[in-house]
Amino acid sequence: MKRWKTGLAALILAGGALALSGCAAGNTGVPDKIQVESADSKVISVTAREQVKVEPDMAQVIYSVYSQASDAQTCQTQNNTDLEKVLALLKQEGVNDTSVQTSSYGLDPIYDWENGKTISGYEMTTRVTVSDIPLTDVGELLSQSVDAGINSIDSVTYLSSRYDEAYQEALAAAVEAARIKAQAMAEAGGCKLGALVKLDEYADSQEARYNTRFSTAKEEAAMDMAAGAMAVMPGQLEIEAFITAEFAIE
């Protein structure tokens, strides 16, 4: 009985195999071999980084009014008086209100640590950020601001109104550089370079600006700068584009 079942099972399997074979042979639409190809294996990947230099024509200045007095009220009053002078100067020089921002307003006690942490006075700092300054006005504005009450210049940032245009030039140069590199690699590998199939842009990590920092601790140093218009030497801005590109191989 067991032998009969085994023989029957073998016969059924053999018949099934013949039936499947017959279907495969009769259906010409089914390929004998299925081959899966990856497009990623037929590309050349390269990176490119290009820079365009431009001359800045605008600036942003961050400076502040620092006051010190024996009591908090006098310190705050003096700071506000000097700040009002600075704001009046900016208005007189034609700086728009939307281009001026005041911040910080820090009023802090000054401790005398040698006499058991006693309060010996108060100090207050108000920061003023001035944007959209034409480069030709920066030196004179800094000097006049010091005369008006500014005694701490934190930074001068140089900008270019041609930034977008220059960045697009850098992008185009980077794409062309990537194509030249890929062509050289294809020729060296005995291949023919095809079309550009993928292109990625990466954010520029370099800040396109120059910073000039001055001492924020000594009012005397700041007042010395009021003798004449400060010299402004902005140099050039380096605007950089960084990309990766993939080209097909034919």
Side-chain angles (χ1 to χ4, degrees), residues 55-161 163 206-237:
E55 293 184 2
D57 53 8
M58 301 295 290
Q60 180 188 74
V61 176
I62 300 177
Y63 46 29
S64 54
V65 176
Y66 174 81
S67 303
Q68 184 176 332
S70 58
D71 62 274
Q73 183 61 44
T74 302
C75 182
Q76 184 178 22
T77 300
Q78 181 61 49
N79 190 272
N80 186 65
T81 300
D82 291 341
L83 177 62
E84 289 296 332
K85 291 179 181 179
V86 173
L87 297 179
L89 169 67
L90 295 175
K91 196 174 195 66
Q92 175 186 327
E93 293 299 314
V95 179
N96 294 328
D97 292 342
T98 55
S99 299
V100 180
Q101 181 184 53
T102 57
S103 59
S104 294
Y105 307 105
L107 177 64
D108 299 297
I110 301 174
Y111 292 102
D112 184 356
W113 296 97
E114 294 182 358
N115 295 312
K117 195 184 176 182
T118 58
I119 296 177
S120 60
Y122 290 85
E123 59 183 358
M124 183 174 183
T125 301
T126 302
R127 176 169 292 181
V128 182
T129 301
V130 187
S131 306
D132 309 319
I133 308 172
L135 197 60
T136 54
D137 299 341
V138 174
E140 186 67 24
L141 183 62
L142 286 174
S143 296
Q144 291 184 9
S145 296
V146 172
D147 285 335
I150 288 294
N151 46 32
S152 176
I153 301 177
D154 300 326
S155 67
V156 180
T157 301
Y158 300 112
L159 307 170
S160 173
S161 60
Y163 183 90
Q206 175 186 336
E207 294 182 355
R209 68 183 185 184
Y210 288 89
N211 286 335
T212 305
R213 299 190 178 277
F214 303 87
S215 172
T216 60
K218 297 182 179 180
E219 180 179 353
E220 295 80 9
M223 292 305 296
D224 288 341
M225 295 185 292
M230 292 179 58
V232 175
M233 299 293 292
Q236 290 184 315
L237 301 178

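Only heavy atoms go into these numbers, but all of them, side chains included; no hydrogens, no water, no symmetry mates. Heads up: numbering here begins at 1 and tracks the sequence.
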Residues Ala59 and Leu135: closest non-hydrogen pair is CB-CD1, 4.4 Å

Full working for side-chain contact (heavy atoms from CB on, under 4.5 Å) between Thr102 and Leu87: CA-CA 10 Å; Thr102 57; Leu87 297 179; 4.2 Å; yes

Once rounded to the nearest 0.5 Å, what's the spacing between atom OG of Ser131 and atom CG of Leu159? 8.5 Å

Could you list all the salt bridge (charged side-chain N to carboxylate O under 4.0 Å, His left out) pairs where at least one residue sits in residues 120-135, not counting sequence neighbours? Arg127-Asp154

Could you work out, with ring pair (Phe, Tyr, Trp, His ring centres under 6.0 Å) as the rule, every residue matching Tyr105, not counting sequence neighbours? none

Nearest atoms (heavy-atom pairs only) where Asn79 meets Val65: ND2-O, 3.0 Å

With sequence neighbours left out, what residues match Ser70 under side chain to side chain donor-acceptor pair (under 3.5 Å)? none

Approximate separation, where rounding is to 0.5 Å, of Leu142 CG and Tyr63 OH: 7.0 Å

State which residues pass side chain to side chain donor-acceptor pair (under 3.5 Å) with Ser120; sequence neighbours excluded, sorted by chain then number. none

Which residues pass the side chain to side chain donor-acceptor pair (under 3.5 Å) test with Thr129, sequence neighbours left out? none

Do the side chain of Asp71 and the main chain of Thr74 share a donor and acceptor less than 3.5 angstrom apart? yes

Not counting sequence neighbours, which residues clear side-chain contact (heavy atoms from CB on, under 4.5 Å) with Lys85? List them please. Thr81, Asp82, Ala148

Do Thr118 and Tyr111 have side chains that get closer than 4.5 Å, going by heavy atoms? no

Quick check for you: to the nearest 0.5 Å, what is the distance between Gln60 atom CD and Ser155 atom OG? 7.0 Å

Distance in Å, Thr136 OG1 paired with Met58 CE, rounded so as to fall on 0.5 Å steps: 9.0 Å

For Leu107, side-chain contact (heavy atoms from CB on, under 4.5 Å) partners two or more places apart: Ala72, Cys75, Tyr122, Met124

For Asp137, what residues pass the side chain to side chain donor-acceptor pair (under 3.5 Å) criterion, not counting sequence neighbours? none

Output for pair (Glu140 CD, Ile133 CD1), nearest 0.5 Å, gives 12.5 Å

Distance in Å, Leu90 CG paired with Ile150 CD1, rounded so as to fall on 0.5 Å steps: 8.0 Å

Strictly by salt bridge (charged side-chain N to carboxylate O under 4.0 Å, His left out), give each pair with a member in residues 86-98 just once, sequence neighbours left out. Lys91-Asp97

Of all residues at least two apart in sequence or in a different chain, which pass the side-chain contact (heavy atoms from CB on, under 4.5 Å) check with Gln68? Tyr66, Ile110

Restricting to side-chain contact (heavy atoms from CB on, under 4.5 Å), what partner residues turn up for Glu114, sequence neighbours left out? Asp112

